[in-house]
2 protein chains.
Amino acid sequence: MLKNSHGKPGQHRERHTMKSEHIPKATIGRLAVYIQVLENLLRDGTEVISSEKLASACSVNSSQIRKDLAYFGEFGVRGVGYYVQELITSIKHSLGIDRVWNCALIGVGNLGTALLRHHDFEQRGFVIKAAFDCDPDKIGKELEGMEIVCPTHLKNQAKERGIELGIITTPPDRAQRAANHLVDAGIKGIVNYAPARINVPPHIPVEYVDFFDHLYSLAFQVTLGNFEG
Amino acid sequence: MLKNSHGKPGQHRERHTMKSEHIPKATIGRLAVYIQVLENLLRDGTEVISSEKLASACSVNSSQIRKDLAYFGEFGVRGVGYYVQELITSIKHSLGIDRVWNCALIGVGNLGTALLRHHDFEQRGFVIKAAFDCDPDKIGKELEGMEIVCPTHLKNQAKERGIELGIITTPPDRAQRAANHLVDAGIKGIVNYAPARINVPPHIPVEYVDFFDHLYSLAFQVTLGNFEG
DNA sequence: CGCTGTGAACGCGTTCACAGCC
DNA sequence: GGCTGTGAACGCGTTCACAGCG
């Protein structure tokens, strides 16, 4: 009765419909990059761009861009290129980020607080609608106009507030319990910032974020470079 | 005159020496995951683990783990498995994160401030030694015991304080300028949190971090799931 | 003519299967 | 017997090359 909320009852289907079933994960990652670069181009007043130019701005192969986009539709104009604004809109629609996603955050520690404070999430369409923590000292307190609630209330709140995604920012040993609460509440997907793996039913996608992965990767590359240089 | 370096005439070879020249980027990413899981295992008192068990904890194939580790050496014991503590140490050494990396941060806005405040970086061996911003209102102010300095001083400070890595947390339109400062200061690698691509000489590795990539990916997967379900 | 969209070729990372060692 | 380390096989994403359309 409330599940079917992913946007206007779609009888009208435009040209921007999925073409293929399986899309490489790497493609999704690159689409995010394309958006980033395209938005900066738009800010600078560029209206049209070729796959060649966009490719070099993104440091990828131009066929790559055309292939990536082709998974979702035909967004370009032969002999011309892509209209920047239109392409941004199309990519966002393809990714499903042309709408608002209501989120629940579990774990109001350092990181959780930082995420609540900085409103970049909202700007990108991910609105944190409720904050949870099992620490009795925190429960009842307010943060950014949001009351911190015990995770046992997650199920009610999720239904009440139309929450679809969960954000885990607990310490590692609490991550699994947080995940269980989210699953139990019928959440559709989880972003896990806690440095621990979690187990959830296979139909629920989980994205792991570790802020240090990239630093590790960088350290490795620099170390390697030193051997060669 | 310096290219031919991938087969250094290694007279003394320990067991923890690189075996192969090229290592897949995906492997590096997984090593970070292995560390995460192994450290949690260690906390729970596990001393030895097989590739099979570790694999299922990391949701990867067990051959994958053995292959990944084999790039760097032979860390396991046949018929037994891997000693957890020893493996953590070995992986960290392989990645070059068994030491301290001094970093400079450019852009003391929302994100930059958050990174300076939370000392998770230091815990993992990445110490922010200096903070820069070109905003006159911010220059001279202190934050977490660190004076905010004009980026024109980067070069001096970098030498003085032994800074090797740069962290960009500026707005997108300032990212390139920040990168130029870092390159000019002789920095060896850059992590770019700004939502913009940057151009640097090819020998300087750049890692891009966008906190929303994973949210986009999640949104996409959930959207897709809804169509299928 | 220019640039997109795409089947075919390629290369690389992943998985398999087993030899090698404890 | 058990589990690691690894060459061989596989599969998939990337790149090439060109047909197709504006």
Side-chain angles (χ1 to χ4, degrees), chain A residues 15-34 38 41 46-84 86-87 90-91 94 217 220, chain B residues 6 13-34 38 41 46-84 86-88 90-91 94 217 220:
Chain A
R15 55 193 273 263
H16 304 310
T17 344
M18 196 84 59
K19 273 189 167 179
S20 174
E21 331 67 53
H22 176 239
I23 286 137
K25 204 154 188 207
T27 292
I28 305 302
R30 281 190 299 268
L31 289 181
V33 174
Y34 303 158
L38 288 167
L41 284 168
T46 311
E47 290 183 353
V48 188
I49 192 164
S50 67
S51 63
E52 199 70 53
K53 290 244 180 69
L54 181 56
S56 81
C58 300
S59 307
V60 300
N61 188 296
S62 66
S63 315
Q64 186 81 81
I65 292 193
R66 297 197 297 277
K67 262 272 152 72
D68 285 340
L69 296 177
Y71 283 119
F72 298 94
E74 310 200 355
F75 304 129
V77 182
R78 288 162 201 243
V80 180
Y82 301 87
Y83 292 96
V84 176
E86 203 182 299
L87 186 53
S90 301
I91 295 178
S94 301
S217 178
F220 172 68
Chain B
H6 64 92
R13 161 184 351 160
E14 299 171 48
R15 55 194 278 268
H16 300 312
T17 343
M18 197 84 58
K19 275 189 166 177
S20 174
E21 329 68 55
H22 176 238
I23 286 140
K25 204 155 187 204
T27 292
I28 304 303
R30 281 191 299 268
L31 290 181
V33 175
Y34 303 158
L38 288 167
L41 283 169
T46 310
E47 291 184 351
V48 187
I49 192 165
S50 68
S51 64
E52 199 69 53
K53 290 244 179 69
L54 181 57
S56 82
C58 299
S59 305
V60 302
N61 187 297
S62 66
S63 316
Q64 186 80 81
I65 292 193
R66 298 198 296 277
K67 260 278 151 70
D68 285 341
L69 297 177
Y71 284 119
F72 298 95
E74 308 200 357
F75 304 130
V77 181
R78 287 162 202 242
V80 179
Y82 301 88
Y83 291 97
V84 176
E86 202 181 301
L87 186 53
I88 293 173
S90 299
I91 295 178
S94 301
S217 178
F220 172 68

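Within every chain, numbering begins at 1; the chains are lettered A, B, ... in the order of the sequence lines, protein sequences first and strands thereafter.
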Could you identify which residues of residues 59-68 of chain B place a heavy atom less than 4.0 Å from some atom of DNA chain D, listed by residue number, or say none?
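DNA chain D contact set from residues 59-68 of chain B: B:R66, B:K67.
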Reported [atom1]-to-[atom2] distance for the pair [X] and [Y], which is rounded to 0.5 angstrom:
| X | Y | atom1 | atom2 | answer |
| --- | --- | --- | --- | --- |
| B:T27 | B:F72 | OG1 | CZ | 7.0 Å |
| B:E86 | B:I91 | CD | CD1 | 11.5 Å |
| A:H22 | A:Y71 | NE2 | OH | 8.0 Å |

Whole angstrom value for the distance that separates [atom2] of [N] from [atom1] of [X]:
| X | N | atom1 | atom2 | result |
| --- | --- | --- | --- | --- |
| B:Y71 | D:dG5 | OH | C1' | 13 Å |
| B:H22 | C:dG11 | NE2 | P | 15 Å |
| A:K53 | C:dG2 | NZ | P | 13 Å |
| A:F75 | C:dT6 | CZ | C1' | 16 Å |
| A:R30 | D:dT15 | CZ | C1' | 12 Å |
| A:Y82 | C:dC3 | OH | C1' | 8 Å |
| A:K25 | D:dG11 | NZ | C1' | 19 Å |
| B:L69 | C:dT14 | CG | P | 13 Å |

Does some side-chain heavy atom of [Y] sit less than 4.5 Å from a side-chain heavy atom of [X]?
| X | Y | answer |
| --- | --- | --- |
| A:L38 | A:I49 | yes |
| B:I23 | A:F220 | yes |
| A:D68 | A:I28 | no |
| A:I65 | A:Y34 | yes |
| A:V33 | A:V60 | no |

So, does A:S50 get its side chain near the phosphate of C:dC3, meaning an N or O under 4.0 Å from OP1 or OP2?
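No, because none of the side-chain N or O atoms of A:S50 sits under 4.0 Å from OP1 or OP2 of C:dC3.
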Using the 3.5 Å cut-off, write out each protein N or O paired with an N or O of nucleotides 20-22 of chain C and the distance between them.
{"from": "C:dG20", "atom 1": "N3", "to": "B:R78", "atom 2": "NH1", "distance (Å)": "3.2"}
{"from": "C:dC22", "atom 1": "O4'", "to": "B:R78", "atom 2": "O", "distance (Å)": "3.4"}

Between B:S94 and B:S90, is there a donor-acceptor pair closer than 3.5 Å when you use the side chain of the first and the backbone of the second?
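Yes; judged by distance alone, with no hydrogens or angles, the pair exists.
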